[in-house]
Asker: 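Please read through the structure below; I'll follow up with questions.
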Number of protein chains: 2
Amino acid sequence: MASRPEVTLAQRKRQLVSTELTEAALQLLALKGFDSVTIDEIVAAAGVSQRTFFRYFRSKEDVVVQFLVDMGADIRADLAARPSAEPPSVALRHAVWVPIAACADHPERTLRVVQLILRTPALLARFLERQEQWRDDLATELASRLGLDTGHAVYPQMAARMALAAFGTVLQRWSDSEGKEDPAELTDQAFAVIAPALDTI
Amino acid sequence: MASRPEVTLAQRKRQLVSTELTEAALQLLALKGFDSVTIDEIVAAAGVSQRTFFRYFRSKEDVVVQFLVDMGADIRADLAARPSAEPPSVALRHAVWVPIAACADHPERTLRVVQLILRTPALLARFLERQEQWRDDLATELASRLGLDTGHAVYPQMAARMALAAFGTVLQRWSDSEGKEDPAELTDQAFAVIAPALDTI
DNA sequence: GCCACGCATGGCAGTTACTGTCAACAAGTG
DNA sequence: CACTTGTTGACAGTAACTGCCATGCGTGGC
């Protein structure tokens, strides 16, 4: 046994508090809007102290954005797992599809959050800031795939930005249509636009 | 005379206070970093009260980002002025070149500010948030140029995002190279990447 | 010249996000 | 049992931001 001897009781407790805070925050924020909810209300609902909140999240915005952050690592991981013979447009489409599929799988959970983020300036700002990290990761991964130097060629940077442009467009259209438009179809349309640029490497 | 009877003394006084605050802020921020400078220090250097500061700027970040905001309107204006027969890649290249040229014209003034923004998470977040407005403007302008409906075609959104991707890449490379790389050349390279996608409309 | 009005400003109190510090407590280890 | 490690809560403190009100300064009517 001991396949995971590291998953101690303490770690599970941490996970519990984290999800408890996230749930409480998302419910309150979706209900009253971002600005009208204070940290005190969130921690009261979760049953912890304010100090504990800031041990789990760096800022009020982080509670909402956090669940999208982990997706960044998934994108890069998926891109790295793609066969290197695959053209960039196909590989990137698959990589970007990972977080979109996660949203599409639980629309009732994610749609509200996505809408909240896209329509709240403070949250949107943090979300975009996190995407910068995704972009750098994607760019370096692409550069190593293609044997290019990130410092000299603009292609990796541009390709990463174009992929995230597709991601953003899909998210926005999905949000604005209240989830009625099909994410898969939107992703196809977005990548159809950028594919000619991605594959002229 | 009276070519501008609206430019009263009061308005010029407002402009004076605004620039005074901006100058004081930029100097202090470039010197000590964004987080280490307080509003109190800025207003002390500018000789006004803290309350007055927040009558001119919505937040501490705004002092830095503000000067980049007006560029957004310029981009759209330039795009609208372009002949409609021009392919999107050329028209967008010219539109995006407007703010880049403004930076390239006064490198000693703008390089520090651009670096400060790109390297300070809080400032970067606000900057990106403002760009969202640029993007919407560009997208609607492009849609009307091409007679498309923003609500049904993804092309205008994607084209606007690609143009801003080029803008961001140029800014980042210019900033990372300490101004040594030529903005015009970087712009050409970036648009060379996206041109195949932009012109397959 | 004088008064009234608009408008920018400053001071002040208050809210809220966020941080440093310390003591208490629980769990695992020798 | 002593010791270490990790999590938590309470408290004080900083700094960003806002509402309110009084003050002064320029402009226009009389």
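Small disclaimer: the values here were computed from a predicted structure and weren't measured.
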Asker: Between A:Arg135 and A:Gln157, do the side chains contain an N or O donor and an N or O acceptor separated by less than 3.5 Å?
Answerer: yes
Asker: In whole Å, what is the span from the CZ atom of B:Phe54 to the P atom of D:dA16?
Answerer: 7 Å
Asker: Give one of base, sugar-phosphate or nothing for A:Arg55, where a contact means two heavy atoms less than 4.0 Å apart.
Answerer: base
Asker: Please state how far atom NZ in A:Lys13 lies from atom C1' in C:dA27, giving the value in whole angstrom units.
Answerer: 8 Å
Asker: Is the NZ or CZ atom of B:Arg130 both under 6.0 Å from the centre of the six-membered ring of B:Trp134 and within 45° of that ring's axis?
Answerer: no
Asker: Rounded off to whole Å, could you give me the CD1-to-P distance for the A:Ile39 and C:dA17 pair?
Answerer: 5 Å
Asker: Looking only at side chains, do B:Thr52 and B:Ser49 share a donor and an acceptor under 3.5 Å apart?
Answerer: yes
Asker: Starting from the 5' end of DNA chain C, give me the residue, B:Tyr56 or A:Phe53, whose nearest nucleotide shows up first.
Answerer: B:Tyr56
Asker: Whole Å only: how far is the CG atom of B:Asp35 from the C1' atom of D:dA16?
Answerer: 12 Å
Asker: Check the phosphate of C:dG10 against B:Thr52, side-chain N and O only, distance under 4.0 Å to OP1 or OP2. Yes or no?
Answerer: yes
Asker: What is the distance from CZ of B:Arg51 to P of D:dA22, rounded to the nearest Å?
Answerer: 16 Å
Asker: Let me know the distance between CG of A:Asp40 and C1' of C:dT16, rounded to the nearest Å.
Answerer: 9 Å
Asker: Starting at atom CD of A:Gln50, determine the distance to atom C1' of D:dC11, rounded to an integer number of angstrom.
Answerer: 12 Å
Asker: In whole angstrom, give the distance that lies between atom CZ of A:Phe57 and atom P of C:dC18.
Answerer: 13 Å
Asker: Taking atom types as modelled, is there a side-chain donor on A:Thr169 or B:Arg161 under 3.5 Å from an acceptor on the other?
Answerer: yes
Asker: Show your working on salt bridge (Lys or Arg N to Asp or Glu O under 4.0 Å) between A:Lys60 and A:Glu41 and close with a plain yes or no.
Answerer: CA-CA 12 Å; A:Lys60 186 177 162 188; A:Glu41 295 181 80; over 6 Å; no
Asker: What nucleotide among C:dT16, C:dT9, D:dA16 has an atom nearest to a side-chain atom of A:Thr38?
Answerer: C:dT16
Asker: NA contact type, B:Val37, heavy-atom cut-off 4.0 Å: base, sugar-phosphate, or nothing?
Answerer: sugar-phosphate
Asker: B:Lys60 side chain: which of C:dC18, C:dC22, D:dC17 is closest?
Answerer: D:dC17
